[in-house]
J.: 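Here it is, the structure in full.
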Amino acid sequence: QMSVEKPPQLAKKPAKPPVARRQLIIAGALLGMIYGLVARFAFGYFHHIGAKFEVMSQAFILGVPLALGFISALVSHKSPYQSVWNWLTGLVFVPFLSSIALLTLALLLAWEGAICVILWLPVVLPLSSIGAFLGIICLKIVKSKRHRSYCIAVAALFPFLISPIEQLKTPYSEIRAVPTQIKIHASAQTVWNQIKSVPLISEKEQSFSFSHLIGFPRPLEAKLVGNGVGAVRYATFEKGVLFVETINEWDEPHRLAFSIRADTKNIPPKTFDEHVVIGGRYFDVLNGIYWIEDMGNGDVILHLSSEQRLSTRFNFYSHYWTEYLMADLQNYILG
């Protein structure tokens with residue numbers, strides 16, 4: 001009886017050890033974070049010396065997270081993705097880790113304030129994932145290590161290349177109004193007396209609000225000097241923040257309107273992040289108005305509306321935050 005010899009089986013390629021996989025993930029996340037820090041420093045430094053770079057630009061706010069995600073995904077994997085877990089790691093875990101580490105270090109280094117970090121976070125995370133997806137596509141298409149290195153270089157330079165082009169156009173300024181209201185069981189005259197000049201708000205009257213949580217000072221009092229049109233109302237907030245409000249409409253007890261000027265010279269320098277200073281380059285509060293609507297049953301509705309100027313290169317995104325935070329602050333004042 002003839003015996004048939006089985007052909008020798010090819011040895012299976014050993015799976016990559018988990019330790020090596022973790023090292024790649026750490027390397028990708030670390031390199032992405034380092035790139036983000038270098039980009040933040042470079043954009044801030046170049047802007048300081050008058051070059052065509054600015055942190056408050058689409059090139060930085062949108063371009064850097066894309067590049068960060070691209071670099072972190074390409075570095076954290078040496079071969080095309082094979083499993084769902086690898087895809088999730090590359091698309092979510094690694095770029096998110098890089099982004100959160102970048103924002104945390106920027107906060108600890110005092111390069112950004114808490115307000116800017118929180119406002120940037122919803123942009124950084126999804127954009128870093130999009131960048132990581134592009135990195136995965138590159139990994140599947142580009143086989144040469146040298147060409148992959150070229151891809152990383154192009155991605156890293158991308159924000160720096162488009163920034164000078166973006167700077168050729170002046171940021172567009174928008175004026176936006178934010179209306180708020182509250183129902184009060186009191187007469188119109190009683191409410192009028194409480195808004196034209198606000199007594200010192202005691203600590204027990206203060207409460208929690210999101211705008212104060214992320215760094216906006218709480219209101220303290222408003223002192224009125226004079227009566228009628230031309231009178232001046234000094235609205236004081238915590239941390240030495242003062243708004244000088246000149247009355248331009250006085251209809252007692254129905255309507256009180258005023259222009260607003262932030263006393264920026266006397267506000268301590270670390271009260272606001274430089275990018276969100278009220279009365280600064282990017283944002284200002286221009287006018288405010290109270291009006292009292294009598295409901296005829298012992299109740300009134302007190303309205304408070306304000307107008308703001310927004311002058312960023314990404315108003316399409318930042319206006320959502322400015323309107324939300326102003327509404328939160330106004331509702332707190334009304335309360």
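Heavy atoms only: backbone and side chains are in, while hydrogens, waters and symmetry mates are out. Quantities reported herein were computed from a predicted structural model and do not represent experimental measurements.
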J.: Quick one: does Leu31's side chain get under 4.5 Å of Ser72's, heavy atoms only?
T.: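 Side chain of Leu31 against side chain of Ser72, heavy atoms only: no contact under 4.5 Å found.
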J.: With side-chain hydrogen bond (donor to acceptor under 3.5 Å, both in side chains) as the criterion, how do Tyr332 and Gln206 come out once you've worked through the C-alpha distance, each side chain's angles and the decisive distance to 0.1 Å?
T.: CA-CA 9 Å; Tyr332 188 90; Gln206 301 282 6; 2.4 Å; yes
J.: Closer than 3.5 angstrom, by distance alone: can the side chain of Thr104 be matched with the main-chain N or O of Ile100 as a donor-acceptor pair?
T.: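 Side chain of Thr104 to backbone of Ile100: a pair is present.
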J.: Please give me the minimum heavy-atom distance between Lys239 and Gly215, naming the atom from each residue.
T.: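 Closest pair (atom of Lys239, atom of Gly215, distance): NZ-O, 3.7 Å.
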J.: Any cation-pi pair here, Arg233 with Phe258, using under 6.0 Å and within 45°?
T.: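 Satisfied, under 6.0 Å and within 45°.
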J.: Indicate yes or no: does Arg176 engage Glu307 in a salt bridge with an N to O separation below 4.0 Å.
T.: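 Between Glu307 and Arg176 there is no salt bridge, as every charged N stays at least 4.0 Å from the carboxylate O atoms.
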J.: For Ala186 and Val300, which heavy atoms make the closest approach, and how far apart are they?
T.: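 Nearest heavy atoms, Ala186 then Val300: O-CG1, 3.5 Å.
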J.: Cut-off 3.5 Å, side chains only: do Ser311 and Arg309 have a donor facing an acceptor?
T.: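 The criterion, which ignores hydrogens and geometry beyond distance, is satisfied for Arg309 and Ser311.
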J.: Could you walk me through whether Phe133 and Ile137 pass the side chain to side chain contact (heavy atoms under 4.5 Å, CB included) test, one step at a time?
T.: CA-CA 6 Å; Phe133 177 75; Ile137 298 301; 3.9 Å; yes
J.: How far apart are the C-alpha atoms of His319 and Thr322, what are their side-chain angles, what is the distance that settles it, and do they pass the side-chain hydrogen bond (donor to acceptor under 3.5 Å, both in side chains) test?
T.: CA-CA 5 Å; His319 84 86; Thr322 56; 5.8 Å; no
J.: Indicate the atoms forming the closest heavy-atom contact of Leu224 with Lys196, along with that distance.
T.: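 Here Leu224 and Lys196 meet closest at CB-O, 3.6 Å.
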J.: Is the gap between the ring centers of Phe53 and Phe60 under 6.0 Å?
T.: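 That pair fails the under 6.0 Å test.
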J.: Which heavy atom of Gly28 sits nearest to which heavy atom of Ser98, and what is that distance?
T.: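 Answer, listing the atom of Gly28 first, then Ser98: O-OG, 3.8 Å.
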J.: Does a side chain donor of either Gln167 or Ser57 reach within less than 3.5 Å of an acceptor in the other side chain?
T.: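 No, because no side-chain N or O of Gln167 sits under 3.5 Å from a partner of the opposite role on Ser57.
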J.: Between Phe43 and Phe160, is the ring centre distance below 6.0 Å?
T.: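 Ring centroids of Phe43 and Phe160 are less than 6.0 Å from each other.
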J.: Set out, in order, the CA-CA distance, both residues' side-chain angles and the distance that settles side chain to side chain contact (heavy atoms under 4.5 Å, CB included) for Ile61 and Trp120, then state yes or no.
T.: CA-CA 8 Å; Ile61 296 296; Trp120 196 24; 3.5 Å; yes
J.: Inspect the contact between Glu203 and Arg218 and indicate whether a charged nitrogen and a carboxylate oxygen are less than 4.0 angstrom apart.
T.: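 A salt bridge links Arg218 with Glu203.
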J.: Would you compute the distance between atom CG of Leu310 and atom CZ of Phe283 and round it to the nearest 0.5 angstrom?
T.: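 So the CG of Leu310 and the CZ of Phe283 are separated by 7.5 Å.
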J.: Using only heavy-atom distances, determine whether the side chains of Glu323 and Gln308 contain a donor-acceptor pair under 3.5 Å.
T.: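 Glu323 vs Gln308: no donor-acceptor pair found between side chains.
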J.: Working to the nearest 0.5 Å, report the span between CD1 of Ile184 and CD1 of Ile292.
T.: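 Ile184 CD1 to Ile292 CD1: 8.0 Å, rounded to 0.5 Å.
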J.: Which of parallel (below 30°), tilted (30 to 60°) and perpendicular (above 60°) describes Tyr324 and Trp321?
T.: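 The arrangement is perpendicular - the two ring planes meet at more than 60°.
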J.: To the nearest 0.5 angstrom, please state how far the CG atom of Leu329 sits from the OG atom of Ser209.
T.: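 One finds 7.0 Å between CG of Leu329 and OG of Ser209.
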J.: Is it true that Glu293 and Lys183 make a salt bridge, defined as a side-chain N closer than 4.0 Å to a carboxylate O?
T.: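 No, no charged N to carboxylate O under 4.0 Å.
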J.: Looking at every non-hydrogen atom in both residues, tell me the closest pair between Gln194 and Pro199 and how far apart they are.
T.: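 So the minimum-distance heavy-atom pair works out to OE1-CD, 4.1 Å.
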J.: Regarding Arg40 and Glu112, does a basic nitrogen lie under 4.0 Å from an acidic carboxylate oxygen?
T.: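 Judged by the 4.0 Å cut-off on N to carboxylate O distance, Arg40 and Glu112 do form a salt bridge.
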J.: With salt bridge (charged side-chain N to carboxylate O under 4.0 Å, His left out) as the test, would you mind laying out the steps for Glu166 and Lys52 before giving the verdict?
T.: CA-CA 9 Å; Glu166 182 185 0; Lys52 297 293 184 179; over 6 Å; no
